Amino acid sequence: MKYHFNEIEKKWQDYWAKNQTFKAENQSDKPKYYVLDMFPYPSGAGLHVGHPLGYIASDIYARYKRHKGFNVLHPQGYDSFGLPAEQYAIQTGQHPAITTEENIKTYRRQLDQIGFSFDWSREVRTSDPKYYKWTQWIFIKLFESYYCKDSNQARPISELITVFNQEGNLRINAACDEDVTFFSAGEWKVFSFKTQQEILLKYRLTYLAETEVNWCPALGTVLANDEIVNGVSERGGHPVVRKKMTQWSMRISAYAERLLQGLETIDWTDSLKESQRNWIGKSVGASVTFKVKNHDEVIDVFTTRPDTIFGASFMTLAPEHELVSKITTPEQKAEVEAYIEATAKRSERDRMADVKTITGAFTGAYADHPFTKEPIPIWIGDYVLAGYGTGAVMSVPCGDQRDFDFAKHFNIPIPNIFEGVDISEEAFTDKEKTIIANSDFLNGLNYKEATKKIIEELEKIGQGQGKTNYRLRDAVFSRQRYWGEPFPVYYVNGMPQMIDEKYLPITLPEVEKYLPTETGEPPLGNATVWAWDAQRHIVVNNSDIDHKTIFPLELNTMPGWAGSSQYFNRYMDPHNDNEIFSQEAINYWQQVDLYIGGSEHATGHLLYSRFWQKFMFDLGLVPHDEYAKKLINQGMILGTSAFVRRIDSFMFEKGKQGVTDFHTGGYNVETNILVSNGLAQNQTFLKDLLIKIKPEGEIALKAYNKIISDIEEYSISIRQGIHADVSFVNSSDELDIETFKNWRPEFKDAEFICEEDGTFKVKRDVEKMSKSKYNVVNPDNICHDYGADSLRLYEMFLGPLEQYKPWNTAGITGVHSFLKKLWKLYFDDKGLKVTDTKPSSDSLKTLHKTIKKVEEDIENFSFNTSVSTFMIAVNELTAQKCTSKAILEPLLILISPYAPHIAEELWEALGHNESISTADFPVFDEQYLVESTKNYPISFNGKMRFTLELPLDLSKEDIEKAVLEYEKTQDQLQGRTPKKVIVVPGKIVNIVG
RNA sequence: GCUGAAGUGGUGGAAUUGGUAGACACGUUGGACUUAAAAUCCAAUGGCCAUUAUGGCCGUGCGGGUUCAAGUCCCGCCUUCAGUACCA
């Protein structure tokens, strides 16, 4: 019998589906274990071989835990709201729901063929109204809560209202907007309803506020900070500008400290925790109030070095700071305004790219130093960011390099307040070595003492206090998109009202067009049925709006991370229409035991979901305020792109770095000449070509003339080239020119310059796997050619799980032939070979060695090495001609998490009626590994000289004696007399000469 | 700049607490089988030297150190990758 993997895999996938083999129950005598994957966004491109890496790892672990006697929850679903489906809808008019449904079908087929042990009965989709009902529900709960800093938790907003009625907000210690002003109970009571609502919004955990947001004109929507990379949008790379807009926000900043503290309690990777710590950006220091001379205004600053306050020789405000226009003197007005205008023109990106140039302007105003009462000039400068702290700093040039550079540039005095330190060249920033001088009552104190003292003094005069600042900003929660969760919100007199949770979900309305309206409203502005009847509690036609009983509904939708912030809990009870999940379910499953997913979500999903979990914990809905005990980041599988080198530019370089005649440059040429990669690296060839091709344009011609006059001195290169589909290239990097021409007709008449042997070679490079780079390897093909078990084994074999690694299909033959060898251990031409014969001690040793190693490997998530262990085991058992069922049966259980299909098939062949997944993991027994004698490697002065086989039960003294005896007879010590024999029982014997 | 991870054959990568470095696989070379190819099987494969076998020397980014013994521990560098960045 032969190993027909395609038939076998189909058979068992059908069997698992039909018998619901992996359905998890919410109660069991067994201990529970929850293995979670980050659910995928179902894109139109389908899966490539990189996607399932994490799913294979989690599947191995889930299957292993089942063998180990756990009741395992291993669900899967889809993060099915998102921009690509919407953009496709804009182009084609196809409803995103239809596209999404189709994509999900493809994903499901592709996932199924890899043989995952998901419990599909618990599938969730974020775009399903039955699911997003609960996303909306949490939103309402957030709206109805504020953050109490005294009890350090979210509390109902009704408690806040009670206090306002009793005593106003003077003593309230809650997370709120900075512009909240104090009021008494009496004042509160006479406020209009609208004013009261406006005040409450400043406390709610989700609130509507006019904030400066990141607006992306190309995408037509706002973006959260984590959706922006290097000043452009993460998706599409479009420019982002700052804009003031009224938006929903989440008061995640209230949870900053708990999000930071919680990291200590969870087993996530250090690098990921570090990313989150940086993102939260806690800094401890003080806020100091400076009075502006001849004005009523004050400037608050935040500093981490209040101890250096006597070194403050100027202040710097961000150009956007609101006080700038108020305090600028008439003489300085022109200069300041010109500067503000100049900085406003610079985009975020320019500002980031150019951090060296020092710019600024003097406002003409002065502040009072709180202690010396000296006048301190107030400057503006764009090195101070409006978005961090208060947008103002006290500048201490001797203690901060940026202040130092600024002071040097504008000739501002740099007083030295450090003892025994030279600050003529650069600022002194070492806190630990700081001894304060020239600072009145701080003289002689170190950093810690001085900080403590100065804060006390600041508090005495009422001009400052200790303060902790966080970089973490509140997260903007509105998106001007169609394909997302609608808000359960309608507006009365412009004030947001929540729809009662009884009437959820508020489902997404149909629209004609998925683009924003002509007046710039979000796409939901196109909906005709999108108004709230507050009496009948239904969504009705917009034209009925009367602002008395029928009101407009919110037009924004929620961002992508809304749906993914609570899905892990919903899996516990996914079909519950009455509650987000039952207490019974959450108390049984508790939290995720193992979460596997990519590290790219470090400051997005993985932070927001922790925030929601903490909020739900405060509401008493969940038993833990961290939802995932352990998290592993799988690395990415990269593709190997193929580049056809085209002559489209010449880059040239002369001399070496550090040498004065270093000269480098380049210019573009428009040609349709494609050259084989070997030639593209051949200097003689490139130089000949360069001489032949004269560029157009004055500057390029100048460069051309310069280098041909001295061409031998230059090294020439050309750009990477254009992507070719990797399927047009064979294993020796040779391009099939005809196929390539048919694929890209613009190269039909191109000149292809081949190598001497007539071949045309491409350049290879490792990149992220992507459709646009034509380097995608489709798992469908791999499953067809080698089978899902080969794919699973190979993805694990490729290298450590966390690591980034390139895919190379060629290597898959190794694991594939392992499976064939495994099959041959059970079957030959005549049929089943397995018998009930007594196993040999060699085979028992092989088996138990394998059990031990595989168990350790899985527990440590080093799946790559256990694949090697299997290969060794099968090779050894084949060599031992092992046919014993007592060996071959447990072996299958070991392999089953990795290669479940072949394991099921062979398990059935051994006469089992039940799925192998119900079998217990074999128990390791040390007795089979114990030997009667052991080889003691013996080293002499550290060098291994010989080995001595001795019985195991010898004492240390016996071994020493034996070694000395042996040494006498063998003359291994080359005539020297040993001084000392070192014996480490069971390990190694050393002889010191 | 800061933070984190890493550096081992032609390649992906193994190596428990410091204990015979290079497991396993790919690739390459040679051989068997075959009309041939595929498939399969066998052998060799870190470098250098030696060979009649046994052998010898060097080798885990670089330079030191600790140790009977270092890929592993310590000190000082270099390089690469990732994240982050005028954060006061």
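Keep in mind it's a predicted model, so treat the numbers as computed, not measured.
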Engineer: When you get a sec, tell me which of B:A88, B:C86, B:A25 is the closest nucleotide to the side chain of A:T304?
Structural biologist: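 Output: B:A88.
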
Engineer: So among A:K761, A:R764, A:K763, which one has a salt bridge (charged side-chain N to carboxylate O under 4.0 Å, His left out) with A:D733?
Structural biologist: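 With A:D733 as partner, A:K761, A:R764, A:K763 yield a single salt bridge (charged side-chain N to carboxylate O under 4.0 Å, His left out), made by A:R764.
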
Engineer: For B:C87, does OP1 or OP2 lie under 4.0 Å from any side-chain N or O of A:R402?
Structural biologist: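 So the side chain of A:R402 is within the cut-off, an N or O lying under 4.0 Å from OP1 or OP2 of B:C87.
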
Engineer: Check every strand shown and say whether A:S271 touches a base, only sugar-phosphate, or nothing at a heavy-atom separation below 4.0 Å.
Structural biologist: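 Sugar-phosphate contact only - A:S271 comes under 4.0 Å of backbone atoms but never of a base.
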
Engineer: How do A:K824 and A:G814 order along RNA chain B: which one's closest nucleotide is nearer the 5' end?
Structural biologist: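 The residue mapped nearer the 5' terminus is A:G814.
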
Engineer: Considering only atom C1', compute the distance from B:U34 to B:U52 and round it to an integer number of Å.
Structural biologist: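 Going atom to atom, C1' in each nucleotide, I get 38 Å.
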
Engineer: Between B:A88, B:A23, B:C26, which one does the side chain of A:I872 approach most closely?
Structural biologist: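 Side chain of A:I872 sits closest to B:A23.
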
Engineer: Looking at the side chain of A:S817, which of B:A25, B:U40, B:U3 is the nearest nucleotide?
Structural biologist: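 The listed nucleotide nearest to A:S817's side chain is B:U40.
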
Engineer: For the P atoms, the ones on B:U28 and on B:U84, what distance do you get once it is rounded to whole angstrom?
Structural biologist: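 One P to the other, the span is 41 Å.
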
Engineer: Distance check, P atoms only: B:U80 and B:C24, in whole angstrom units.
Structural biologist: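 Going atom to atom, P in each nucleotide, I get 34 Å.
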
Engineer: Picking from B:C86, B:A23, B:A39, which would you name as closest to the side chain of A:Y383?
Structural biologist: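 Of the options given, the side chain of A:Y383 lies nearest B:C86.
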
Engineer: A:W279 CH2 to B:G4 C1': how many Å, rounded?
Structural biologist: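 The distance from CH2 of A:W279 to C1' of B:G4 comes to 17 Å, rounded to the nearest Å.
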
Engineer: With a 4.5 Å cut-off on side-chain heavy atoms, are A:E600 and A:L606 touching?
Structural biologist: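 Answer no - side chains too far apart.
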
Engineer: Which of the following nucleotides, B:C26, B:A14, B:G83, is nearest to the side chain of A:P800?
Structural biologist: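 So the nucleotide nearest the side chain must be B:A14.
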
Engineer: For B:A88, take OP1 and OP2 only and decide whether either is under 4.0 Å from a side-chain N or O of A:T316.
Structural biologist: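 Result: no.
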
Engineer: When you match A:M394 and A:T603 each to their closest nucleotide on RNA chain B, which lands nearer the 5' end?
Structural biologist: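 On the 5' side of the pair lies A:T603.
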
Engineer: Would you check if the distance from the ring center of A:F5 to the ring center of A:H816 is below 6.0 Å?
Structural biologist: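 Yes: the rings meet the under 6.0 Å criterion.
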
Engineer: So do A:F418 and A:T434 actually touch side chain to side chain, heavy atoms under 4.5 Å?
Structural biologist: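 Of all side-chain heavy-atom pairs linking A:F418 with A:T434, at least one is under 4.5 Å.
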
Engineer: What's the gap between B:U20 and B:A14 when it is taken at their C1' atoms, as a whole Å value?
Structural biologist: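 Going atom to atom, C1' in each nucleotide, I get 15 Å.
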
Engineer: Ignoring backbone atoms, test whether A:K805 places a side-chain nitrogen or oxygen under 4.0 Å from the OP1 or OP2 oxygen of B:G13.
Structural biologist: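 Checking B:G13 against A:K805, no side-chain N or O comes under 4.0 Å of OP1 or OP2.
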
Engineer: Please name the pair of heavy atoms, one in A:L894 and one in A:V854, separated by the smallest distance, quoted to 0.1 Å.
Structural biologist: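 Heavy atoms only, the tightest pair is O-CG1, 4.3 Å.
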
Engineer: Which base sits across from B:A39 as a Watson-Crick or G-U pair, both distances under 3.5 Å?
Structural biologist: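 Per the H-bond distance test, none.
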
Engineer: For A:D403 and B:C87, what is the distance between atoms CG and C1' respectively, to the nearest whole Å?
Structural biologist: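 Answer to the nearest Å: 13 Å.
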
Engineer: Grab the CG-P distance between A:D785 and B:A39 for me, whole Å please.
Structural biologist: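 Distance check: A:D785 CG to B:A39 P gives 13 Å.
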
Engineer: If B:G10 has a Watson-Crick or G-U wobble mate with both distances under 3.5 Å, name it; if not, just say none.
Structural biologist: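 Check on B:G10: paired to B:C26, both distances under 3.5 Å.
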
Engineer: Whole-Å distance between B:G12 P and A:N808 CG?
Structural biologist: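 In whole Å, B:G12 P and A:N808 CG are 11 Å from each other.
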
Engineer: Rounding to an integer number of Å, can you tell me how far A:K820 NZ sits from B:C41 C1'?
Structural biologist: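 After rounding, the gap between these two atoms is 13 Å.
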
Engineer: Quick check for you: among B:C87, B:A25, B:C86, whose closest atom lies nearest to any side-chain atom of A:M871?
Structural biologist: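 Nucleotide nearest to A:M871's side chain: B:A25.
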
Engineer: Looking at every strand, decide which applies to A:K2 at a 4.0 Å heavy-atom threshold: base, sugar-phosphate, or nothing.
Structural biologist: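 Nothing, no heavy atom under 4.0 Å.
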
Engineer: Run the side-chain hydrogen bond (donor to acceptor under 3.5 Å, both in side chains) check on A:Q401 and A:D405 step by step: do they pass?
Structural biologist: CA-CA 6 Å; A:Q401 193 56 45; A:D405 294 340; 3.0 Å; yes

Engineer: Tell me which nucleotide among B:U40, B:C86, B:G13 gets nearest to the side chain of A:L385.
Structural biologist: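 Out of B:U40, B:C86, B:G13, the nucleotide with an atom closest to A:L385's side chain is B:C86.
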
Engineer: With both distances kept under 3.5 Å, what pairs with B:U3, Watson-Crick or G-U wobble?
Structural biologist: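 B:U3 is paired, partner B:A82.
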
Engineer: Decide, for B:G55, between syn and anti: a glycosidic angle within 90° of 0 counts as syn, anything else as anti.
Structural biologist: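 B:G55: anti.
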
Engineer: Testing A:K849, A:K821, A:K845 one by one against A:E876 for a salt bridge (charged side-chain N to carboxylate O under 4.0 Å, His left out), which residue passes?
Structural biologist: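 Among A:K849, A:K821, A:K845, the one meeting salt bridge (charged side-chain N to carboxylate O under 4.0 Å, His left out) with A:E876 is A:K849.
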
Engineer: When the C1' atoms of B:A85 and B:C75 are considered, how many whole Å apart are they?
Structural biologist: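 It works out to 30 Å between them.
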
Engineer: B:G1 phosphate, OP1 or OP2: any side-chain N/O from A:Q401 under 4.0 angstrom?
Structural biologist: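 False: A:Q401 side-chain N/O out of range (4.0 Å or more) of B:G1 OP1/OP2.
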
Engineer: So A:T813, base contact, sugar-phosphate only, or nothing? Heavy-atom distance under 4.0 Å.
Structural biologist: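 Result for A:T813 = sugar-phosphate.
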
Engineer: For A:Y786 and B:A39, what is the distance between atoms OH and C1' respectively, to the nearest whole Å?
Structural biologist: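 Taking atom C1' of B:A39 as the reference, OH of A:Y786 is at 13 Å.
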
Engineer: Phosphate oxygens OP1/OP2 of B:A25: is one of them under 4.0 Å from a side-chain N or O of A:N875?
Structural biologist: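 Yes.
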
Engineer: Is the distance from OP1 or OP2 of B:G12 to the nearest side-chain N or O of A:N864 less than 4.0 Å?
Structural biologist: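 The answer is no; no side-chain N or O of A:N864 sits under 4.0 Å from OP1 or OP2.
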
Engineer: Using whole Å, report how far CD of A:Q803 lies from C1' of B:G4.
Structural biologist: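 Value for this atom pair: 15 Å.
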
Engineer: Using Watson-Crick or G-U wobble geometry with both distances under 3.5 Å, which nucleotide pairs with B:C48?
Structural biologist: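 Pair assignment: B:C48 / B:G56.
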
Engineer: Heavy atoms, side chains only, cut-off 4.5 Å: are A:V874 and A:F818 in contact?
Structural biologist: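 With C-beta onward as the side chain, the pair touches.
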
Engineer: Please give me the minimum heavy-atom distance between A:G311 and A:P397, naming the atom from each residue.
Structural biologist: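 Reported closest heavy-atom pair: O-CD, 3.6 Å.
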
Engineer: Between B:G46 and B:U60, how far apart are the two C1' atoms, rounded to whole Å?
Structural biologist: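 Taking atom C1' in both B:G46 and B:U60, they lie 11 Å apart.
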
Engineer: Does A:R471 make a side-chain N or O approach to OP1 or OP2 of B:A85 shorter than 4.0 Å?
Structural biologist: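 Answer yes for this pair, as a side-chain N or O of A:R471 is under 4.0 Å from OP1 or OP2.
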
Engineer: Scan every strand shown for a Watson-Crick or G-U wobble partner of B:U66, both distances under 3.5 Å, and answer none if you come up empty.
Structural biologist: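 By the stated definition (distances under 3.5 Å), nothing pairs with B:U66.
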
Engineer: Taking the same atom, P, in B:A69 and in B:C77, what whole-Å distance lies between them?
Structural biologist: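 My reading of the P atoms in B:A69 and B:C77 gives 27 Å.
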
Engineer: Can you tell me the Watson-Crick or wobble partner of B:C77, both distances under 3.5 angstrom?
Structural biologist: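 When the pairing criteria are applied, B:G61 turns out to be the nucleotide that pairs with B:C77.
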
Engineer: Report the distance from atom NZ of A:K853 to atom P of B:C24, rounded to the nearest whole Å.
Structural biologist: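 So the two atoms are 12 Å apart, to the nearest Å.
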
